[in-house]
Amino acid sequence: MKFDKLFIYLVFVVVLIIFNIASVYQLFAEREMKKKVYSLLLESKSDYELIVDNNNDLVTILRMQISVEGEHLDNVAITNLPGENDMLKNLFSDEYKLVYFFPEKGCPSCYEPFLLKLLEMRDSIGKENIVLITDFNLRSLKSFWVDKDSEMFPFRLSRNWGIPQTEPAFAYAFLLNKDMVVRKIIITDKINVDFCSEYLNYIVSYFNNVDLNR
């Protein structure tokens with residue numbers, strides 16, 4: 001009889017221990033699940049905020065492009081690699097050229113991919129049809145350009161040429177001739193990479209097809 005009571009007691013204790021272990025495990029499992037759900041919610045919120053931020057940035061870029069399209073640039077002084085000064089207008093004739101401006105205070109990830117792609121496509125576009133311009137100081141520009149085409153060394157601006165300055169500064173490409181009126185501008189940025197690629201494809205067609213609607 002005593003043995004039966006002892007056996008029942010031991011069984012009860014074992015069941016109680018198993019129940020407690022199961023309860024503790026369930027508690028931890030619920031906590032881990034809550035952590036995972038909370039983490040997913042945070043990630044979803046971050047993704048949503050990123051999408052909103054990117055859309056807001058894209059709207060800003062499009063507004064900037066619209067505001068600059070058709071603007072008349074100032075005929076500012078420019079300097080080439082040997083240090084010779086000239087006037088911007090003297091680089092152009094009746095025919096349009098592609099101008100690409102990349103600012104020293106801009107984000108490198110916003111202008112370097114486009115610049116490198118442009119240099120890769122220089123033969124398709126024609127070096128004579130490309131004008132690179134920057135506001136880098138000479139020392140910084142030489143360091144930046146050390147492994148690039150020396151024949152396409154950018155001209156340096158002496159001052160702002162009539163395009164509104166922003167913070168951070170934008171990099172932009174556009175067509176320009178001696179009339180000094182900005183045409184078909186695009187601001188290059190890390191959030192509109194696809195548009196930039198399509199733009200360069202358009203530029204190749206522009207300079208290789210005289211029948212293209214300009």
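- With D135 contributing its side chain and E104 its backbone, the two residues share a donor-acceptor pair below 3.5 Å.
- Annotation for D189 and C110: closest pair OD2-SG, 3.4 Å, computed over non-hydrogen atoms.
- Within the 3.5 Å criterion, the main-chain N or O of K184 finds a donor-acceptor partner in the side chain of E69.
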Notebook entry, point to check: What do the steps show when you test E128 against F207 for side chain to side chain contact (heavy atoms under 4.5 Å, CB included), and what is the final call?
Noted result: CA-CA 11 Å; E128 70 280 4; F207 286 108; over 6 Å; no

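- To the nearest 0.5 Å, atoms CZ (F195) and CD (E198) are separated by 7.0 Å.
- By the neighbour-count criterion of 12 heavy atoms within 6.0 Å, atom NZ of K148 is densely surrounded, having more than that number from other residues, nucleotides or ligands.
- Put simply, the side chain of K178 does not reach to within 4.5 Å of the side chain of S93, judged on heavy atoms.
- In terms of heavy atoms, G70 sits closest to V181 at O-CG1, 3.5 Å.
- Judged by distance alone, with hydrogens and angles left aside, the side-chain atoms of S143 form no donor-acceptor pair with the main-chain N or O of R139 at under 3.5 Å.
- In this structure a side-chain-to-backbone donor-acceptor pair under 3.5 Å is present from S158 to A77.
- For the pair I186 and Y202, the minimum side-chain heavy-atom distance is 4.5 Å or more.
- Within the 4.5 Å cutoff, side-chain heavy atoms of V76 are placed close to those of L157.
- Atom CG of N129 and atom CG of L175 lie 10.0 Å apart (nearest 0.5 Å).
- Of the possible polar contacts, one joining the N192 side chain to the I187 backbone as a donor-acceptor pair under 3.5 Å is found.
- Applying the 6.0 Å contact sphere to NZ of K127 captures more than 12 heavy atoms from other residues, nucleotides or ligands.
- In this structure, Y96 and Y206 have perpendicular ring planes: the angle between them is above 60°, well past the 30° mark.
- F102 and A171 get closest at one heavy-atom pair: CA-CB, 4.1 Å.
- Atoms CG and CD1, from L98 and I125 in turn, are 6.0 Å apart once rounded to the nearest 0.5 Å.
- With hydrogens and angles ignored, the 3.5 Å screen pairs no side-chain donor or acceptor of D194 with any backbone N or O of S197.
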Next item on the list: Give the intermediate values and the outcome of side chain to side chain contact (heavy atoms under 4.5 Å, CB included) for residues E71 and I163.
Entry: CA-CA 8 Å; E71 283 293 303; I163 294 180; 5.8 Å; no

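- To the nearest 0.5 Å, the span separating OG1 on T134 from CZ on F155 amounts to 13.0 Å.
- Using a 4.5 Å heavy-atom cutoff, the side chains of L176 and V131 are not in contact.
- Using a 4.5 Å heavy-atom cutoff, the side chains of I78 and M87 are not in contact.
- The only option from P154, S150, S140 that meets the side-chain contact (heavy atoms from CB on, under 4.5 Å) definition with W145 turns out to be P154.
- Between the CE atom in M121 and the CG atom in L116 there is a gap of 13.0 Å [rounded to 0.5 Å].
- Put simply, CD1 on I61 and CD1 on I66 are 12.0 Å apart, with the number rounded to the nearest 0.5 Å.
- Considering every non-hydrogen atom in both N177 and F92, the closest pair reads C-CB, 3.6 Å.
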Next item on the list: Applying side chain to side chain contact (heavy atoms under 4.5 Å, CB included), run through L88 and M180 and close with a yes or a no.
Entry: CA-CA 9 Å; L88 179 63; M180 304 293 287; 3.4 Å; yes

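- For the pair L119 and L132, the minimum side-chain heavy-atom distance is below 4.5 Å.
- No side-chain heavy atom of Y172 sits under 4.5 Å from any side-chain heavy atom of V68.
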Margin query: One pair to check against side chain to side chain contact (heavy atoms under 4.5 Å, CB included): Y199 and T188. What are the steps and the verdict?
Written below: CA-CA 10 Å; Y199 182 85; T188 65; over 6 Å; no

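- Between L73 and K89, the closest side-chain pair of non-hydrogen atoms is not below 4.5 Å.
- Side-chain heavy atoms closer than 4.5 Å link hydrophobic residues (I, L, V, M, F, W, Y) into clusters, and following such links, even through other members, never connects V193 to V204.
- The backbone N or O of F101 sits nowhere less than 3.5 Å from a side-chain atom of Y111 that would complete a donor-acceptor pair.
- In plain terms, the two heavy atoms of K142 and L81 that are nearest each other are CE-CD1, 3.8 Å.
- At least one donor-acceptor pair under 3.5 Å links the side chain of K97 to the backbone N or O of L91.
- Of all heavy-atom pairs between F174 and R183, the closest is CB-O, 3.4 Å.
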